[in-house]
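Here the structure comes first, spelled out in structure tokens, and everything after it is commentary.
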Number of protein chains: 2
Amino acid sequence: MTRPGGSRVTVLPAPGREPQAPPAADPSSLALGALEDSLGFLLRIAQLQAFERFYAAVAGHDLRAGAFTILWVIGLNPGVRQGVLAERLMIKRAHMAKLIRALELAGLVARTPSREDRRAVELRLTPAGRRHVELRAAAFFAPDSAPPTSLSAAETRTLIGLLRKLTGIGEEAP
Amino acid sequence: MTRPGGSRVTVLPAPGREPQAPPAADPSSLALGALEDSLGFLLRIAQLQAFERFYAAVAGHDLRAGAFTILWVIGLNPGVRQGVLAERLMIKRAHMAKLIRALELAGLVARTPSREDRRAVELRLTPAGRRHVELRAAAFFAPDSAPPTSLSAAETRTLIGLLRKLTGIGEEAP
DNA sequence: GCAAATTTGTCTACTTGGAAACAAATTCGC
DNA sequence: GCGAATTTGTTTCCAAGTAGACAAATTTGC
């Protein structure tokens, strides 16, 4: 399982002369070198694959992952402020402003100015917003109930646990 | 480590009445509910955090992750075609066309029409492109040598192994 | 009390990425 | 052969996301 080069993997591509092998018409047989050990690269590919699977599974449910996530978290945290939401979901504040305005225009979210801090805005689901979330929650979380085929159930649990630890998400300061 | 609800985690937010708790001004104390068990959500957050760390670490090296990755893979697979590259790196072909043109204009990549298939284009690094990659490889892969602080070295290896298995990247069909 | 610094959300301009339609070349059916 | 379907890369247009400046409100230093 360990790689030929150990952990010092910054092996440069063979300088100058080319491998005489044909250009490799099959994507899965491309040489990736040290990228195969790169956490950032693997996370990127894994995330894109997961989104692809997700949108393939929920096709036609008019369900956008980002919007649903925002509504879900507002539903669990009524009165949450935009900036707090943005920081936790890793969405830039400028972008969150646009997303929230769209949700407000759609009648799913209510924005009320905070009384404690008159710069801030408190977010809540409207009744329509709550209905929207309730109707789509099962479809949204369905892919998590039937996890990827390439991992066993135990491996999936391990992976989720490690990702929680890596991101600091399921288990904050005690 | 198991969650209160087991694996059937589609618990809807408390309908109607609000938690009387204050709006939670601290992002890390937001309730996320079933999102904390969602592989897609965790992968998304982990990837964004990883990119943030990456760009913080290589600040000023004029190093874009996507462009470097493309150059790196071309360097390892001279003569590779655009579509193959796009599929493996999960970049849409329309986008790849733009990226490759930019790299060609920058003098880093040479595009030569394939003799076998006159629609296709073969990609190679120019000498300048090879120099570019060699100069930046150490900085690009540095974050992988000093992995995240929240995981032990063993956990990081396990995580990388699981991600390889999930994505099918380090270990193709035997 | 009050000027300076910070925070909160917003705006404009820009970059990144994708969907759909397309031309050219290739492969398939027959 | 030869027309139909497919593949390859490109173009155009649009959506998603970011950067940086900004006004208003708040907090901080004194």
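Since the structure is predicted, the reported quantities are computational estimates derived from the model, not experimental observations. Computed from heavy atoms alone, side chains included, the values below leave out hydrogens, waters and symmetry copies. Order of the sequence lines fixes the chain letters, A, B, ..., with proteins taken first and strands second; residue numbering starts at 1 for each chain.
- For the pair A:E116 CD and D:dT27 P, the computed distance is 10 Å after rounding to whole Å.
- Using modelled atom types, one side-chain atom of A:R136 and one backbone atom of A:H132 make a donor-acceptor pair closer than 3.5 Å.
- Residues that satisfy the ring pair (Phe, Tyr, Trp, His ring centres under 6.0 Å) test with B:F41, not counting sequence neighbours, are absent from this structure.
- Comparing the local axis fitted to the first five base pairs of the helix from C:dG1-D:dC30 to C:dC30-D:dG1 with the one fitted to its last five gives a bend of 40°, rounded to 10°.
- Across residues 95-107 of chain A, A:A97, A:K98, A:R101 each have a non-hydrogen atom less than 4.0 Å from an atom of DNA chain C (numbered order).
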TODO: Any chance you could lay out the side chain to side chain contact (heavy atoms under 4.5 Å, CB included) test for A:F140 and A:W72, step after step, and finish with the verdict?
DONE: CA-CA 10 Å; A:F140 181 87; A:W72 176 263; over 6 Å; no
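- Residues A:L163 and A:L43 share a closest heavy-atom pair of CD2-CD2, 4.1 Å.
- When every heavy atom of A:F68 is checked against every heavy atom of A:A137, the shortest pair comes out as CZ-CA, 3.6 Å.
- The nearest heavy atom of DNA chain C to A:L48 and to A:A120 marks one nucleotide each, and the one closer to the 5' end goes with A:A120.
- With respect to the salt-bridge test (charged N to carboxylate O, under 4.0 angstrom), the residues B:R157 and B:E155 do not qualify.
- Closest non-hydrogen pair, B:G40 versus A:F51, comes out as O-CE1, 4.2 Å.
- In this structure, B:Q82 and A:R119 both approach DNA chain D, and ranking their closest nucleotides by distance from the 5' end singles out B:Q82.
- As rounded to whole Å, 14 Å separates atom C1' of D:dG20 from atom NZ of A:K92.
- Of all heavy-atom pairs spanning A:A31 and B:V73, the tightest one is O-CG1, 4.0 Å.
- In terms of phosphate contacts, B:R111 brings a side-chain nitrogen or oxygen within less than 4.0 Å of OP1 or OP2 of D:dT10.
- Judged by closest nucleotide on DNA chain C, B:R64 is the one of B:R64 and B:R115 placed further toward the 5' end.
- Side chain of A:R164 to backbone of B:E36: a donor-acceptor contact under 3.5 angstrom is found.
- Neither OP1 nor OP2 of D:dA23 sits under 4.0 Å from any side-chain N or O of A:R118.
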Sequence neighbours excluded and cut-off under 3.5 Å, please list the side-chain donor-acceptor pairs for residues 89-110 of chain B, or say none.
residue : atom : partner : partner atom : Å
B:E104  : OE1  : B:R111  : NE           : 3.4

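- Sorted pairs that involve residues 50-60 of chain A and meet side chain to side chain donor-acceptor pair (under 3.5 Å), not counting sequence neighbours, are lacking altogether.
- Taking atom OH of residue B:Y55 and atom P of nucleotide D:dA19, one finds them 10 Å apart after rounding to whole Å.
- Taking the 5' to 3' direction, DNA chain C first and last meets chain B under 4.0 angstrom from a heavy atom at C:dT16 to C:dT26.
- Residue A:I70 contributes atom CD1, which lies 12 Å from atom C1' of D:dG17 at whole-angstrom precision.
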